[in-house]
Amino acid sequence: MAFAVHLDVYDGPFNLLLQLISVEEVDVYQVSLSKIVDAFLAELKKLEQLDLELATEFLLIAATLVELKCRRLLPGNDDLEIDDDLSLFEARDYLLARLVECKTFSEAANELAGLESMAARSAARRSGPDERFDSVAPDLLAKISPQILCEVARRVLADRPIPVVATGHIHEDEITVAETLDLLVGILPSKGRATLRELCLGDLSKVRFVATFLAVLELYKREMVEFEQAENFSELVIIWTAELRDHLLVDVDNYDDSAALGAR
Amino acid sequence: MSPLPSEWRPEAAAIEAVVMVATEPVSSQLLSELLEVSVERIEELCAVMSQAYEEEERGFELAHIAGGYRFQSHPAYHGYVERFILDEVPSRLSPAALETLAIVAYKQPISRAQIAQIRGVNADGVIRLLTQRGYVEMVGRDEGPGQAILFGTSQTFLERLGLESIGNLPPLETFVPDVSTVELLEQALRPGPEV
Amino acid sequence: MSPLPSEWRPEAAAIEAVVMVATEPVSSQLLSELLEVSVERIEELCAVMSQAYEEEERGFELAHIAGGYRFQSHPAYHGYVERFILDEVPSRLSPAALETLAIVAYKQPISRAQIAQIRGVNADGVIRLLTQRGYVEMVGRDEGPGQAILFGTSQTFLERLGLESIGNLPPLETFVPDVSTVELLEQALRPGPEV
């Protein structure tokens, strides 16, 4: 069964859409990914059970679409430094190499499937030496006692411990969203306004940045700050707007079960 | 030169194919059903084929044994076969084979897939060895889809281990190995010439 | 009429006898030791015997598989043989499993992480399935930090695919998409007009 999409710019099978975008018959900007996803989910709900083939194919095409759209949404060459330009080319080459590689192995997989089904038409002789050779073949159970067998069974059948990846050696930064929030509430009221960069306190690690960003969002959700941004991609300014500071800091979601973002 | 009339070839070939892959002698009754010809016809075909192999001085023969037909090595080449068995057939069970035998003994009836799941790796080769040596045998088929073959231990297995019935195996739960058993176990598991 | 010279008969018969009792493919090396003739001679004999069976329209064939020789039923008689196969017919592999199998086959030895990198997704479940089915096995450990397990294809893989050795797979280059497909892909990735 093929999944069809109905959009303003395109109406037809989903997989064909990708092809048309590839040959620039359909403009990827005009394609609403969210509409496609919604339609697909609605389609899935109609099915009695999940069709894994269909779902996989959808995910693959949808992911490729997202990839395409991201690529095309990247700023034009005018805005880019030479280095960025080069890295863009590299990213593209890398992606192309990946696609070619995937296609190559999926072709090879077809070949293996063909070989296997051909080979399955022959059955191997497996009957082994007949009873006339019993005296020649050694008794493999000669040294095996019921006790040995039992001990082996006990070992093999024992519940095996669930393998756990030891993470003890990974350094964990102990920055939590709750702590960061606490910190921001200490700084922001007196400052009035600050950029996100300033709020990171000079620590530009990814963990610190993410924790600060989430904490700022949390404050926004609680209507304690406002945002200001002069234009797209310019620096984000956070403005303290709350009157009181005594009704917060409860139920802060750390966005992480273990409270630490560091391990990510 | 074979005395088999060439127009008999297709039927003879079908018999050859079936008997070649069967692990037990195949009865003429069964062959007759498969080929959709009479039992007499099967017996006539097999007799002529068997004579032809003999005349062609093949290394194998079509033997009529235990109410059925099977391919077996020709007695004239027993020397080669015996040397092959001595060279190739291991003198003791590998750890993998011992583990599989233990699983079958305690979890029978059990399918290939279930054994593979417990061991974490495919066990086909090992099961084949155990079946071929007569320690393990097919005891039924799973009722579920696919009708997987179910394996269990054989009479030979019980005899070799000196057990009256499978119920006489030491229970899994309470067994604590004594020192001498641990030693024996280590010996049994020590790498050596094996499968 | 067989093209096998009659003076080759005794050697051919010895090979027939040994291969008839074997449960795994028998290597030409082992046959050479048993018959006390060169490996080249064994390979010559087997090639001619195999051709002779084919010409005599036998129901079986002498196949060169997984580094050795074995008797197997001729594909033409598949219909008759199906119900005699003790080994259950394994269920078909999913496209994802086949792709992973192809990656292992062509890139072995290869680690989980390397497979995941090529496939773009975690491959642990698929690798476990392939190991349980016996297509893939651990063949070593990476020397680098972490000593990742390295996987490769197994003897069973060769047997299931009817291959003599892994070198008999068509070269990977055969499957690289042609220029026009690559161009299409490349075009699709080209950045469009500015925002």
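The chains referred to below are lettered A, B, ... by the order of the sequence lines, with proteins before strands, and numbering in each begins at 1. Please read these numbers as outputs of a predicted model, since none were measured by experiment.
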Measure from the side-chain N and O atoms of C:Ser73 to the backbone N and O of A:Ala123, and report whether any donor-acceptor pair falls under 3.5 Å. yes
Salt bridge (Lys or Arg N to Asp or Glu O under 4.0 Å) partners of C:Asp124, counting only residues at least two apart: C:Arg112
Proximity breakdown for C:Thr100 and chain A, heavy-atom pairs closer than 4.5 Å: neither
Side chain, backbone, both or neither: which part of C:Phe60 has a non-hydrogen atom closer than 4.5 Å to chain A? neither
Step through the shown structure and confirm whether more than 12 heavy atoms of other residues, nucleotides or ligands are within 6.0 Å of CZ on A:Phe133. yes
CD (C:Glu143) with more than 12 external heavy atoms under 6.0 Å: no
Can you tell me how far apart [atom1] ([X]) and [atom2] ([Y]) are? Round to the nearest 0.5 Å.
| X | Y | atom1 | atom2 | answer |
| --- | --- | --- | --- | --- |
| A:Leu112 | C:Tyr135 | CG | OH | 10.0 Å |
| C:Glu99 | A:Thr104 | CD | OG1 | 10.5 Å |
| A:Cys102 | C:Ile103 | SG | CD1 | 7.5 Å |
| A:Glu111 | C:Leu98 | CD | CG | 11.5 Å |
| A:Ser117 | C:Arg92 | OG | CZ | 5.5 Å |
| C:Gln117 | A:Glu101 | CD | CD | 8.5 Å |

Closest non-hydrogen atom pair, [X] against [Y]:
| X | Y | answer |
| --- | --- | --- |
| C:Lys107 | A:Phe105 | CE-CZ, 3.7 Å |
| C:Ala102 | A:Ala108 | CB-CB, 4.0 Å |
| C:Arg160 | A:Ala119 | O-CB, 3.1 Å |

If you apply the rule salt bridge (charged side-chain N to carboxylate O under 4.0 Å, His left out), what do you find for A:Arg126 with C:Glu159, and how did you get there? CA-CA 13 Å; A:Arg126 303 256 192 227; C:Glu159 290 186 34; 3.0 Å; yes
In residues 167-177 of chain C, which residues are in contact with chain A at a heavy-atom separation under 4.5 Å? C:Leu169, C:Pro170, C:Leu172, C:Phe175, C:Val176, C:Pro177
Qualifying side-chain hydrogen bond (donor to acceptor under 3.5 Å, both in side chains) pairs, either residue in residues 27-36 of chain C, two or more places apart: C:Ser28-C:Glu43, C:Gln29-C:Glu33
Pair count under 4.5 Å, heavy atoms only, with chain A: among C:Glu24, C:Met20, C:Arg119, highest is C:Met20
Is any NZ, NE, NH1 or NH2 atom of the basic residue among A:Arg125 and C:Glu16 found under 4.0 Å from an Asp or Glu carboxylate oxygen of the other? no
Sorted by chain and residue number, the side chain to side chain contact (heavy atoms under 4.5 Å, CB included) partners of C:Glu61 (sequence neighbours excluded) come out as A:Ser122, C:Glu54, C:Gln72, C:His74, C:Pro75
